[in-house]
**Student:** 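The following block contains the structure, expressed as structure tokens.
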Amino acid sequence: MSQDRTGDHDRTADREHATYDVEGVQEKWQKAWVDLDPFTADDDSPREKRYALTMFPYPSGDLHMGHAEVTALHDVIARYWWQQGYEVLNPMGWDSFGLPAENAAIRNDEHPATYTYANIETQFDSFQKYGLSFDWTRRLHTSDPEYYRWTQWLFLKFRERGLAYRKNSPVNWCPKDQTVLANEQVVDGACDRCGTVVTKRELTQWYFKVTDYAQRLLDDMEPLHGSWPERVLTLQRNWIGRSEGAHVDFDLHLADGTTRTVGVYTTRPDTLYGATFMVVAPDAPLAAEIVAPDRREQHAAYLEEIRRASDIDRLATDRAKTGVDLGVTATNPVTGERVPVWAADYVLADYGTGAIMAVPAHDQRDLDFARKFDLPVRRVVDTGEENPEETGVATAGDGTYVNSGGADGLDGLSDKAAGIARITARLEAEGRGQGAVNFRLRDWLLSRQRFWGCPIPIIHCERCGEVAVPEDQLPVVLPELKGADLKPKGVSPLAAAEEWVNVDCPQCGVPAKRDSDTMDTFVDSSWYFLRYCSPDYTDGPFDVEAVRRWGPVDQYVGGVEHAVLHLLYSRFFTKVLHDMGMVDFVEPFSALLNQGVVINRGKKMSKSLGNGVSLGEQLAEFGVDAVRLTLVFAGPPEDNIDWADLSPAGSLKFLQRAWRLSGDVTSPAGVDPAEGDVALRRITHRTVHEAAELLEGQRFNVVVARVMELVNATRKAIDAGCGPADPAVREAAEAVTILLSLVAPYVAEEMWERLGHAPSVARAGWPSVDERLLVQESVTAVVQVQGKVKARLEVSPDVSEADLEAAAMADEAVQRALAGRSVRKVIVRAPKLVNVVVGA
RNA sequence: GCCCCGGUAGUCCAACGGCAGAGACAGUGGUCUCAAACACCAUCCAGUGUGGGUUCGAAUCCCACCCGGGGCACCA
């Protein structure tokens with residue numbers, strides 16, 4: 001409430017100085033909202049549904065500026081939907097499995113749950129103080145057994161469908177976190193989480209067969225254009241990396257006189273005549289199988305050398321080519337020539353077949369290799385450029401085929417597509433190859449050698465092999481390990497938990513062992529948005545009907561860092577669940593908003609730079625509403641915002657001004673605005689109308705500016721216009737309050753009460769707009785001569801082109817500008833503009 | 001190297017191809033005050049990164065370049 005005054009001042013001064021008590025208002029309404037409960041989503045509501053979701057946090061410490069920004073933006077959308085009359089599902093929970101808790105547990109000799117659930121409570125309290133419209137009845141934690149029971153269930157279902165399998169393969173290993181990582185979690189050769197350089201290990205691990213869904217993951221992005229950031233779609237497209245080409249069979253002639261056929265994948269089968277050697281990935285099993293006995297040692301040494309090299313070295317772009325001759329030859333299927341077979345690490349074991357045909361003339365990598373090891377270069381496409389063999393620059397472009405089997409081959413053709421089609425058809429006819437599509441996407445490595453995650457519900461039996469834990473025995477609950485028991489040692493700490501790991505085989509009853517790895521936490525978060533629809537459901541991961549009611553997510557908000565992680569995995573899960581008949585849709589998130597990052601003084605906030613901004617301190621100094629307003633007003637939601645450019649003090653000042661309006665209104669609640677001041681009413685209705693359009697377009701910063709305008713206009717009307725008693729002033733103040741409720745819920749609630757209404761303003765409903773008030777009484781038409789403004793005319797908005805032109809030509813200033821010049825053309829855009837073009 | 005996104009007052013940001021300014025921050029001057037803070041009023045500040053083009057008219061569309069940010073980068 002307003003501050004204590006001494007009474008020396010007159011009423012006007014008092015009113016001008018009046019401010020509300022930010023803390024008091026927050027406390028008052030936070031308490032009141034618990035009973036008012038305006039945001040619990042009703043499963044049975046007849047209203048149209050909207051599902052608003054913001055990426056749930058990992059519980060590391062308290063909330064920070066990043067959380068404050070994303071939830072403030074997200075809340076604007078959710079609250080707008082409520083005001084528009086939708087039944088809104090807006091849940092929140094915690095992604096509560098993960099390494100930080102485990103590391104803290106080791107440090108403090110405790111169970112990871114201690115750290116986890118303590119932080120969850122801290123964050124929960126902070127979220128509540130922050131005034132967000134979450135439906136807390138649906139709160140979930142992925143580390144709760146009631147939740148991860150269903151993560152395990154889904155794993156088993158995926159396995160039944162052949163989508164979860166185990167294989168031995170070289171994998172990414174983070175030496176610091178002591179666990180394997182998925183491809184998506186390795187960035188520039190380093191661990192996504194801790195930045196440690198990743199090494200390779202040969203391990204048997206669990207995978208999800210995402211590659212089976214590569215084409216659908218690509219195709220189903222099509223309808224997302226326009227509602228997902230183009231950037232994310234591009235990232236996913238690149239990550240999936242579809243390419244078209246052909247498989248071509250080469251016969252290999254081994255040292256022992258036998259022959260075997262090896263397929264290679266190429267996007268340029270049309271250059272097959274120029275394939276003068278073959279290259280095999282040194283670490284592919286094929287290399288070891290085919291290497292000639294006298295080269296075995298060399299190959300082994302080379303293999304050792306590249307195993308030692310980190311991905312960082314391997315990825316260096318200017319790195320010289322290395323390799324060894326395997327002492328074997330292959331027959332080029334179209335020329336019949338015998339070509340040498342080499343092993344080189346520029347060929348990757350896990351892409352295509354791990355072997356390539358090398359066409360040095362038209363592929364830079366092959367050319368570099370050929371020049372280094374003196375291998376022949378044969379040009380088969382004449383692009384008009386100089387001979388690659390001499391320049392060292394491969395010509396990858398289009399041209400005319402030469403040296404390509406004469407007229408029976410491709411010679412003379414100059415259309416690449418036709419060349420590819422012809423050679424592919426010929427290979428197919430001869431049974432030596434076929435057209436093929438390839439993807440860069442790899443299967444998702446999901447096992448982790450750490451404790452604080454969802455156990456993999458598999459039992460390894462010597463007699464039966466891998467046995468699924470029977471459904472009625474789920475969940476496989478984590479044992480009570482803590483402190484030193486959790487120290488990473490290269491295998492999961494679970495392996496050492498004797499009592500836990502040793503079980504009888506559910507199939508044959510002999511002693512067996514549980515799988516001791518846990519799942520990647522991205523598995524947990526790949527389906528949480530479905531669980532929210534029926535968080536207490538006990539007969540499955542979710543109630544199919546509830547998901548039919550609420551799904552898919554209409555608006556997802558979160559950071560762009562998950563472009564190829566969480567978002568790709570969730571899309572994959574949704575498609576599998578669709579195929580299982582459990583969800584109707586194939587895409588989980590209809591619209592996506594990537595909020596920007598909050599930085600300070602041009603740099604990312606960090607301890608070492610000492611430029612961190614404490615959310616708690618900002619909230620204490622300026623209040624929740626001002627901080628939220630500051631973040632929303634800072635700029636377009638997807639832009640990064642620099643805290644140093646912002647003014648939470650300015651935001652608070654504005655909120656005080658807005659609040660003051662609610663005390664100045666003297667007309668009673670419920671008064672008919674129809675008789676009110678038309679000028680102010682026009683502004684109010686136009687603002688409400690435009691605000692809706694801007695909100696639909698997620699132009700939240702502009703909405704705030706519009707509300708500021710309306711506040712300014714209302715202030716002016718009270719002080720120097722129609723006065724505080726005019727019903728239009730009440731109408732304007734109420735519109736301000738409802739608009740403000742999306743961003744600054746506390747002060748809006750307080751204003752709503754002061755205006756004589758019952759809470760909650762959050763459910764007051766969007767103000768209705770009178771179309772007639774959107775039409776201006778008169779508009780200013782601009783008259784230009786040669787594009788330069790010469791006059792302004794006040795005209796009716798529905799003025800005819802002819803009338804406007806006549807008025808413009810009659811204008812004195814226009815006549816002066818036209819003096820002595822001939823009018824060549826008059827462009828009329830009624831009612832806004834006339835441009836007179838004069839003769840040359 | 002390739003592909004995206006963005007360059008508008010001192011700052012953050014607005015502007016259906018049609019008056020460059022909606023809003024704010026920071027200045028400056030004033031009213032109020034013993035004085036200050038608050039509040040209020042007024043006011044200063046750019047011709048839109050550069051160079052071309054299309055158009056009656058370009059911040060907006062096209063081309064090239066410069067700068068900043070992001071992504072991809074031996075994927076055959």
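Being a predicted model, the structure only gives us computed values, none of them experimental. Every chain is numbered from 1, with letters handed out A, B, ... down the list of sequences. Heavy-atom basis, side chains included; hydrogens, waters and symmetry copies ignored.
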**Student:** Please state the P separation for the pair B/G49 and B/C44 - nearest whole angstrom.
**Tutor:**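 Straight-line distance between the two P atoms is 24 Å.
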**Student:** A/Tyr346 side chain: which of B/C74, B/A22, B/C40 is closest?
**Tutor:**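 Of the options given, the side chain of A/Tyr346 lies nearest B/C74.
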**Student:** Rounded to whole angstroms, how far apart are CZ on A/Phe250 and C1' on B/A76?
**Tutor:**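 Distance check: A/Phe250 CZ to B/A76 C1' gives 12 Å.
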**Student:** Return the nearest nucleotide to the side chain of A/Glu709; candidates are B/G23, B/A14, B/A76.
**Tutor:**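 Output: B/G23.
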**Student:** Would you indicate, yes or no, if B/A73 has its OP1 or OP2 atom less than 4.0 angstrom from a side-chain nitrogen or oxygen of A/Arg440?
**Tutor:**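 Checking A/Arg440 against B/A73: at least one side-chain N or O falls below 4.0 Å of OP1 or OP2.
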**Student:** With A/Asp625, which residues qualify under side chain to side chain donor-acceptor pair (under 3.5 Å), at least two apart?
**Tutor:**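 Side chain to side chain donor-acceptor pair (under 3.5 Å) check on A/Asp625 returns nothing, list empty.
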**Student:** Can you tell me if A/Ser243 touches the phosphate of B/A76, counting only side-chain N or O atoms and a distance under 4.0 Å to OP1 or OP2?
**Tutor:**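 Checking B/A76 against A/Ser243, a side-chain N or O does come within under 4.0 Å of OP1 or OP2.
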**Student:** Does A/Lys372 pair with A/Asp368 as a salt bridge, N-O distance under 4.0 Å?
**Tutor:**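 No salt bridge links A/Lys372 with A/Asp368.
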**Student:** Name the nucleic acid region contacted by A/Arg442, choosing base, sugar-phosphate or nothing; use a 4.0 angstrom heavy-atom cut-off, strictly under.
**Tutor:**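 A/Arg442: base contact, heavy atoms under 4.0 Å.
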**Student:** Output the single nucleotide from B/C40, B/C56, B/A76 whose closest atom is nearest the side chain of A/Arg660.
**Tutor:**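 Closest nucleotide among those given: B/C40.
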**Student:** With respect to the side chain of A/Ala705, which nucleotide from B/C40, B/C56, B/A22 is positioned closest?
**Tutor:**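 Per side-chain heavy atoms of A/Ala705, the pick is B/A22.
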**Student:** Salt bridge (charged side-chain N to carboxylate O under 4.0 Å, His left out) with A/Asp270: which residues, sequence neighbours excluded?
**Tutor:**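 A/Asp270 satisfies salt bridge (charged side-chain N to carboxylate O under 4.0 Å, His left out) with A/Arg268 only.
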**Student:** Using OP1 and OP2 only, check whether a side-chain N or O of A/Arg829 sits under 4.0 Å from B/C16.
**Tutor:**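 For A/Arg829, the contact criterion (side-chain N or O under 4.0 Å from OP1 or OP2 of B/C16) is not met.
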**Student:** Apply side-chain contact (heavy atoms from CB on, under 4.5 Å) to A/Glu696 and list each qualifying residue two or more places apart in sequence or on a separate chain.
**Tutor:**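 side-chain contact (heavy atoms from CB on, under 4.5 Å) list for A/Glu696, sorted by chain: A/Tyr80.
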**Student:** For the CD atom on A/Glu812, are there more than 12 heavy atoms of other groups (residues, nucleotides or ligands in this structure) within a distance under 6.0 Å?
**Tutor:**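 No, not enclosed.
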**Student:** Given B/A24, B/G18, B/C40, identify the nucleotide with an atom nearest to the side chain of A/Met708.
**Tutor:**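 From the listed options, B/A24 comes nearest.
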**Student:** Heavy atoms only, 4.0 Å cut-off, all strands: where does A/Val789 land among base, sugar-phosphate and nothing?
**Tutor:**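 Sugar-phosphate contact only.
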**Student:** What is the nucleic acid contact for A/Gln786, judged by heavy atoms within less than 4.0 Å: base, sugar-phosphate only, or nothing?
**Tutor:**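 If one applies the 4.0 Å heavy-atom cut-off, A/Gln786 turns out to touch nothing in the nucleic acid.
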**Student:** Looking across every strand, which nucleic acid part, if any, lies under 4.0 Å from A/Ile827 by heavy atom: base, sugar-phosphate, or nothing?
**Tutor:**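 Base: the residue A/Ile827, judged by heavy atoms under 4.0 Å, touches a nucleobase.
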**Student:** A/Val347 near the nucleic acid: base, sugar-phosphate alone, or nothing, with a heavy-atom cut-off under 4.0 Å?
**Tutor:**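 Base contact.
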**Student:** Measure the distance from CH2 on A/Trp228 to P on B/G71 and round it to the nearest whole Å.
**Tutor:**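 Nearest whole value for this atom pair: 18 Å.
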**Student:** At 4.0 Å (heavy atoms only), tell me whether A/Asn701 reaches a base, stays on the sugar-phosphate, or touches nothing.
**Tutor:**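 A/Asn701: backbone/sugar contact only, no base atoms under 4.0 Å.
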**Student:** Expected output is a numbered-order residue list: members of residues 627-646 of chain A with a heavy atom under 4.0 Å from any atom of RNA chain B. What is it?
**Tutor:**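 Within residues 627-646 of chain A, the residues near RNA chain B are A/Phe633, A/Ala634, A/Pro636, A/Asp645.
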**Student:** Could I get the full list of salt bridge (charged side-chain N to carboxylate O under 4.0 Å, His left out) partners for A/Arg829, not counting sequence neighbours?
**Tutor:**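 A/Arg829: no salt bridge (charged side-chain N to carboxylate O under 4.0 Å, His left out) contacts found.
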**Student:** At under 4.0 Å, does any side-chain N or O of A/Lys832 touch on OP1 or OP2 of B/G18?
**Tutor:**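 So the side-chain polar atoms of A/Lys832 never come under 4.0 Å of the phosphate oxygens OP1 or OP2 of B/G18.
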**Student:** Does RNA chain B take part in any stems of at least 3 consecutive Watson-Crick or G-U pairs (both distances under 3.5 Å), and if so, which ones?
**Tutor:**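 Only these stems qualify: B:1-7 with B:66-72, B:10-12 with B:23-25, B:27-31 with B:39-43, B:49-53 with B:61-65.
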**Student:** What is the nucleic acid contact for A/Arg699, judged by heavy atoms within less than 4.0 Å: base, sugar-phosphate only, or nothing?
**Tutor:**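 Sugar-phosphate, no base atom in range.
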**Student:** Determine the contact category for A/Asn712: base if any of its heavy atoms lies under 4.0 Å from a base atom, sugar-phosphate if only primed atoms, P, OP1 or OP2 are that close, otherwise nothing.
**Tutor:**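 Result for A/Asn712 = sugar-phosphate.
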**Student:** Keeping to residues at least two apart or across chains, list the salt bridge (charged side-chain N to carboxylate O under 4.0 Å, His left out) pairs with something in residues 230-246 of chain A.
**Tutor:**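 Every salt bridge (charged side-chain N to carboxylate O under 4.0 Å, His left out) pair that includes a residue of residues 230-246 of chain A, provided the two are not neighbours, is A/Arg242-A/Glu244.
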**Student:** For nucleotides 1-9 of chain B, print each protein N/O atom paired with a nucleotide N/O atom at under 3.5 Å, atom names and distance only.
**Tutor:**
none

**Student:** Run the salt bridge (charged side-chain N to carboxylate O under 4.0 Å, His left out) test against A/Asp639 and tell me which residues pass, sequence neighbours left out.
**Tutor:**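 Per chain and number, A/Asp639 pairs via salt bridge (charged side-chain N to carboxylate O under 4.0 Å, His left out) with no residue.
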**Student:** For B/G47, does the glycosidic angle fall within 90° of 0 (syn) or outside that (anti)?
**Tutor:**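 Because its glycosidic torsion lies within 90° of 0, B/G47 adopts the syn conformation.
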**Student:** Assign A/Ser651 to base, sugar-phosphate, or nothing according to its heavy-atom contacts below 4.0 angstrom with the strands shown.
**Tutor:**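 Nothing: the residue A/Ser651, judged by heavy atoms under 4.0 Å, touches no strand.
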**Student:** Not counting sequence neighbours, which residues clear ring pair (Phe, Tyr, Trp, His ring centres under 6.0 Å) with A/Phe277? List them please.
**Tutor:**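 Here the qualifying residues are A/Phe369.
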**Student:** Side-chain donor or acceptor of A/Asn835 under 3.5 Å from a matching atom on the base of B/C56?
**Tutor:**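 When only heavy-atom distances are counted, A/Asn835 does reach the base of B/C56 through a donor-acceptor pair under 3.5 Å.
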**Student:** Without hydrogens or angle criteria, can the side chains of A/Trp239 and A/Glu184 be said to hold a donor-acceptor pair below 3.5 Å?
**Tutor:**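 Short answer, yes.
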**Student:** Atom CG of A/Leu694 and atom C1' of B/G23: how far apart are they, to the nearest Å?
**Tutor:**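 Computing the A/Leu694:CG to B/G23:C1' distance gives 12 Å.
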**Student:** Say you pick atom P in B/C63 and the same atom in B/C4; how far apart are they, in whole Å?
**Tutor:**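 Going atom to atom, P in each nucleotide, I get 10 Å.
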**Student:** Would you mind telling me which of B/A76, B/A22, B/C74 lies closest to the side-chain atoms of A/Lys321?
**Tutor:**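 The answer is B/C74.
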**Student:** Specify the closest pair of heavy atoms between A/Pro831 and A/Val795, including all atoms of both residues, with the distance to one decimal.
**Tutor:**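 Closest pair (atom of A/Pro831, atom of A/Val795, distance): O-CG2, 3.8 Å.
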**Student:** Going by salt bridge (charged side-chain N to carboxylate O under 4.0 Å, His left out), name the pairs with one or both residues in residues 642-659 of chain A, residues two or more places apart or in two chains.
**Tutor:**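 Listed by first then second residue: nothing to list.
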**Student:** Please classify the nucleic acid contact of A/Lys653 as base, sugar-phosphate, or nothing, using heavy-atom distances under 4.0 Å.
**Tutor:**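 Contact class for A/Lys653: sugar-phosphate only.
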**Student:** Could you pull out all residues at least two apart from A/Trp643 that satisfy side chain to side chain donor-acceptor pair (under 3.5 Å)?
**Tutor:**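 Applying side chain to side chain donor-acceptor pair (under 3.5 Å) to A/Trp643 gives none.
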**Student:** Measure from NZ or CZ of A/Lys321 to the centre of the six-membered ring of A/Tyr346, then state whether that distance is under 6.0 Å and the direction lies within 45° of the axis.
**Tutor:**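 Yes.
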